[in-house]
Amino acid sequence: MLLRLPTSVSEAQQCLAEGAVPIGGATLVWATWQRDGFPELAMSLRNLPEATVLEPEALGAAVVLHRIDDRVPGVLRGAAGSVGTGAVRRTATVGGNIVGSSLRCLLPAALVLDARATVLGPDGTYGTDLAEVVAKRHLLLGLRWRTPLASGYRKQPAEAGGPPPLVVATAVHADDDGRRHLRVAVRDGYEVLDATVACDGDTGEAVGALEGTDVGALPSGALDVVREQVADILRPLAGR
């Protein structure tokens with residue numbers, strides 16, 4: 001297998017045109033390649049500046065999870081820190097987790113940040129939403145968002161080898177006119193649900209509004225965790 005390491009978007013486009021298979025840390029594909037055979041040509045984005053950004057409102061797809069620190073919102077830090085073992089986090093990338101993984105632990109966090117994705121296609125880079133990235137398995141270059149007022153992440157304990165643990169991500173944003181809204185994303189099994197409601201009132205009003213969305217159709221145990229997480233994120237904002 002020949003590995004290409006493009007240093008510009010134009011080089012990366014050329015690699016794709018030549019049939020290169022995009023890889024990150026390869027933690028999710030190595031076993032498959034050992035079983036089915038390695039591709040002739042692969043491409044890593046780890047030397048591409050657009051894919052290695054780590055800033056308060058931007059995160060590159062080639063950033064490995066253990067590098068994600070307090071430069072980004074807490075919900076993203078929590079998500080990254082919950083993935084696998086330390087060895088996995090030192091290898092797994094943002095793009096691999098969101099696009100290549102069936103679990104997508106970072107996806108709920110990115111959704112509540114209302115993140116926009118930059119992807120690379122045959123005609124160059126462009127912005128799109130996360131739903132399209134996941135559905136069409138685009139080559140992700142990075143994510144951008146606006147800093148929320150507050151955010152949080154909770155991953156329930158789970159037995160090894162069992163079903164995926166419940167994940168609840170939350171963030172509170174302020175509009176330009178000062179009105180606040182709460183975004184919640186929940187991974188229940190392999191499905192990810194998200195909703196946005198106003199949260200200018202108290203916690204009870206926000207939770208009541210959520211119960212009228214897709215999130216409100218979750219099983220009672222999962223909904224209890226959502227309520228707790230919403231209360232945790234809104235409580236410090238009371239009176240502010």
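What you see below is based on every heavy atom in this structure, not just the backbone, and it leaves out hydrogens, waters and symmetry mates. Computed from a predicted model, the values in this text were never measured in an experiment.
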For [X], which residues count as a side chain to side chain contact (heavy atoms under 4.5 Å, CB included) partner, sequence neighbours excluded?
X: Val53; value: Glu55, Ala58
X: Ser220; value: none
X: Ala195; value: Leu210, Thr213, Val215
X: Glu11; value: Pro6, Thr7, Ser8

Which pair of heavy atoms, one from [X] and one from [Y], lies closest together, and at what distance?
X: Pro73; Y: Pro56; answer: CD-O, 3.8 Å
X: Ala42; Y: Ala20; answer: C-CB, 4.1 Å
X: Pro108; Y: Val192; answer: CG-CG1, 4.4 Å
X: Ala79; Y: Val83; answer: O-CG2, 3.4 Å

**OP:** May I have all residue pairs that pass ring-ring contact (aromatic ring centres under 6.0 Å, His included) and include part of residues 207-230, sequence neighbours excluded?
**Re:**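 Output for this query is empty, none listed.
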Original post:
Who passes side chain to side chain donor-acceptor pair (under 3.5 Å) against Thr147, sequence neighbours left out?
Top reply: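 Residues passing side chain to side chain donor-acceptor pair (under 3.5 Å) with Thr147: Glu57.
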Subject >> With Asp175 via side chain to side chain donor-acceptor pair (under 3.5 Å) - residues at least two apart >> reply: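 Per chain and number, Asp175 pairs via side chain to side chain donor-acceptor pair (under 3.5 Å) with His181.
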Mind checking salt bridge (Lys or Arg N to Asp or Glu O under 4.0 Å) for [X] and listing every partner two or more places apart, or none if nothing turns up?
X: Glu18; value: Arg4
X: Arg227; value: Glu211, Asp224
X: Asp214; value: none
X: Arg154; value: Glu228, Asp232

Subject >> Residues, nucleotides or ligands: over 12 heavy atoms within 6.0 Å of Gln156 CD >> reply: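 Atom CD in Gln156 is crowded, with more than 12 foreign heavy atoms closer than 6.0 Å.
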Subject >> Asp176 atom CG, neighbour heavy-atom count above 12 within 6.0 Å >> reply: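 Counting neighbours around CG of Asp176, 12 or fewer heavy atoms of other residues, nucleotides or ligands fall under 6.0 Å, so no.
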Reported [atom1]-to-[atom2] distance for the pair [X] and [Y], which is rounded to 0.5 angstrom:
X: Thr203; Y: Leu234; atom1: OG1; atom2: CG; result: 4.5 Å
X: Trp145; Y: Leu111; atom1: CH2; atom2: CG; result: 13.0 Å
X: Asp114; Y: His173; atom1: CG; atom2: NE2; result: 6.0 Å
X: Cys15; Y: Leu41; atom1: SG; atom2: CG; result: 6.5 Å
X: Ile98; Y: Leu130; atom1: CD1; atom2: CG; result: 6.5 Å
X: Tyr126; Y: Leu141; atom1: OH; atom2: CG; result: 10.5 Å

Original post:
With the 4.5 Å side-chain cut-off for hydrophobic clustering, are Val172 and Val226 part of the same group?
Top reply: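 Cluster IDs for Val172 and Val226 match.
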Original post:
With hydrophobic residues grouped by side-chain heavy-atom distances under 4.5 Å, do Leu103 and Val88 end up in a single group?
Top reply: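 Different clusters.
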Could you tell me whether the side chain of [Y] reaches within less than 4.5 Å of the side chain of [X], counting heavy atoms only?
X: Leu48; Y: Thr52; value: no
X: Leu107; Y: Ser101; value: no
X: Leu166; Y: Arg187; value: no
X: Arg180; Y: Leu237; value: yes
X: Val21; Y: Met43; value: no
X: Val9; Y: Gln13; value: yes
X: Leu16; Y: Pro22; value: yes
X: Val112; Y: Ser151; value: no

Would you say the side-chain atoms of [X] pair up with the backbone N or O of [Y], donor to acceptor, closer than 3.5 Å?
X: Lys155; Y: Val167; value: no
X: Arg77; Y: Val72; value: yes
X: Arg137; Y: Val99; value: yes
X: Asp194; Y: Val184; value: no

Original post:
Looking at Arg71, His66, Arg67, which hits side-chain hydrogen bond (donor to acceptor under 3.5 Å, both in side chains) with Asp69?
Top reply: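 Considering Arg71, His66, Arg67, a side-chain hydrogen bond (donor to acceptor under 3.5 Å, both in side chains) with Asp69 is found only for Arg71.
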Original post:
Does the pair Ile68 and Val94 meet the rule for a side chain to side chain contact (heavy atoms under 4.5 Å, CB included), with working shown?
Top reply: CA-CA 9 Å; Ile68 297 176; Val94 172; 3.9 Å; yes
Original post:
Leu59 and Leu76: side chain to side chain contact (heavy atoms under 4.5 Å, CB included), yes or no, with the steps?
Top reply: CA-CA 10 Å; Leu59 183 62; Leu76 268 179; 4.2 Å; yes
Indicate every side-chain donor-acceptor pair of residues 116-125 with a distance under 3.5 Å to a residue at least two apart or in another chain.
unit_1	atom_1	unit_2	atom_2	d
Arg116	NH2	Gly127	O	3.4

